[in-house]
There are 2 protein chains.
Amino acid sequence: MASNHENSNIPDIVIGRLPIYLRALNRLSSEGYEITSSHELGQRLGISSAQIRKDLSHFGGFGKQGTGYQIEFLQDKLRKVLHVDREWEVALVGMGDLGKAIAHYKGFADRGFHISACFDSAPDKVGKKIAGFVVQPLSELITVVSERNIQLAMIAVPAEHAQSVANLLVEAGVHGILNYAPINLTVPPHMQVQYIDPVVGLQRMTYYFDE
Amino acid sequence: MASNHENSNIPDIVIGRLPIYLRALNRLSSEGYEITSSHELGQRLGISSAQIRKDLSHFGGFGKQGTGYQIEFLQDKLRKVLHVDREWEVALVGMGDLGKAIAHYKGFADRGFHISACFDSAPDKVGKKIAGFVVQPLSELITVVSERNIQLAMIAVPAEHAQSVANLLVEAGVHGILNYAPINLTVPPHMQVQYIDPVVGLQRMTYYFDE
DNA sequence: AACTGTGAAGTTTTTCACAGCC
DNA sequence: GGCTGTGAAAAACTTCACAGTT
């Protein structure tokens, strides 16, 4: 009977899978399904059905015995759990090729993230409009981010500048950084950091290749 | 005494950390260091020193008691383990904003990956040169990839086309896919797949945010 | 009949702690 | 004194298997 939603601390590894579940539900939903099961989800994701049920059970009973899970209902619940039942403002630092591509990427808005400020240190970029954003100078970062109470940032600067940008972001009061630079950041313990490094992904695969 | 390098099967989770270690070593090296320790590496990465020692011990004794690890030596060893002591050819499918950004990204070549063919289905892109690559039609994918014996591919097409592109790649004989589309792929068990989804990274952080 | 939610069992992963070496 | 490599212990995570519900 006792379940430990609300207060207790859920393992990070469980939290890490929830966005994957949510993404799969979005897909099922767009394919026109209204109901699914832990078995069906598991098949699609290559995860055991027991694991999915156990993961979800941390937050309460979202399913119906004999039936499965109502997709829309479960999406709502997961969005609430992940705090993406609202829109988050995100700052983007670095407007080189990578930053530009991020600025153009349409996939953020659909899923609750809104780029609301862009920064670069290069004088020839500052003031220009890229993907509809006016590029602001790095010197404005602390003011803009703290005034607007922006909590998330993406770092798309060269590796050698990533740590100093991270330091600025910490000072500005950001709580989470998505780091595209291929380098590990050192940040205070209250900060969240996630890494996007395609080369790490590639290297994780070549290990399994024979030749 | 017995150590199980060569034959035995190393946990995936250990393999997954090796590229992170390699990246940290690259960094230390570029900062001019020649020697490091499991403690120093662990501090930088937020990983315990014992874990780093145990991970490395799967492949043999790379360190020296009392001294630590010679950085260049360890880099070489990890590159061999991960099979990145050579260059890998990679196919890129999808030349929209994202594909273009990937094509322009300089970070692959330094670390052993070379984009050697680009594909798109849009007739207005085929034949054009983007970032030095001539875009080829999707209909050529199987021929080009299998003839050149390309083993790795990156998918940068919209979510709704990602699965059919993956099917083509499997047919063409690719063994690993780095998928930038926000969707899970279903592939035969011998295939490796890694995902790049920045929104998943963001959602993994907002869970920990209060407001 | 089908499926969830969950204790208990089983497995994997991490940490401890120390012998051995530089 | 400082550090690695590693068995043994501890912790974390996953799977099993089934009672309970629709």
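Numbered from 1 within each chain, the chains take letters A, B, ... in sequence-line order. What you see below is based on every heavy atom in this structure, not just the backbone, and it leaves out hydrogens, waters and symmetry mates.
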Exercise. Think B:Y69 has a side-chain N or O under 4.0 angstrom from the OP1 or OP2 of C:dC22?
Worked result: no

Exercise. Hey, does A:L56 reach any base, or is it just sugar-phosphate, or nothing, if we go heavy atoms under 4.0 Å?
Worked result: nothing

Exercise. How would you label the contact of B:S38 with the nucleic acid (heavy atoms, under 4.0 Å): base, sugar-phosphate, or nothing?
Worked result: sugar-phosphate

I'd like to know if the side chain of [X] and the backbone of [Y] have a donor-acceptor N/O pair within less than 3.5 Å.
X: B:R23; Y: A:D197; answer: no
X: A:H175; Y: B:F209; answer: no
X: B:T206; Y: A:L82; answer: yes

Separation of [X] atom [atom1] from [N] atom [atom2], in whole Å?
X: A:L74; N: C:dC3; atom1: CG; atom2: C1'; result: 14 Å
X: B:I52; N: C:dT15; atom1: CD1; atom2: P; result: 10 Å
X: B:L41; N: D:dT4; atom1: CG; atom2: P; result: 9 Å
X: A:Q43; N: C:dC3; atom1: CD; atom2: C1'; result: 15 Å
X: A:F59; N: C:dG5; atom1: CZ; atom2: P; result: 13 Å
X: B:H39; N: D:dG5; atom1: NE2; atom2: P; result: 17 Å
X: A:D12; N: D:dA11; atom1: CG; atom2: C1'; result: 15 Å
X: B:K77; N: D:dG5; atom1: NZ; atom2: P; result: 12 Å

Seminar exercise, completed: Shortest non-hydrogen pair, B:Y207 vs A:I15, comes out as CZ-CD1, 3.4 Å

Exercise. Of all of residues 15-35 of chain A, which get a heavy atom below 4.0 angstrom from DNA chain C, listed by number?
Worked result: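 Here the set is empty: none.
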
Quick check: do [X] and [Y] have side-chain heavy atoms less than 4.5 Å from each other?
X: A:Y180; Y: A:I102; value: yes
X: A:Q194; Y: B:L202; value: no
X: A:V200; Y: B:R111; value: yes

Problem set entry | Heavy-atom protein contacts under 4.0 Å, nucleotides 15-22 of chain D, coded B base, S sugar-phosphate only, - none | BBB--BBB

Problem set entry | side chain to side chain donor-acceptor pair (under 3.5 Å) assessment of A:Q163 paired with A:N167 | CA-CA 6 Å; A:Q163 182 63 58; A:N167 297 346; 2.9 Å; yes

Exercise. Start at the 5' end of DNA chain C and walk down; is the nucleotide closest to A:G68 or to A:D55 reached first?
Worked result: A:G68

For this session: Would you please name every residue forming a side-chain hydrogen bond (donor to acceptor under 3.5 Å, both in side chains) with A:D55, sequence neighbours left out?
Result: A:R17, A:Y21

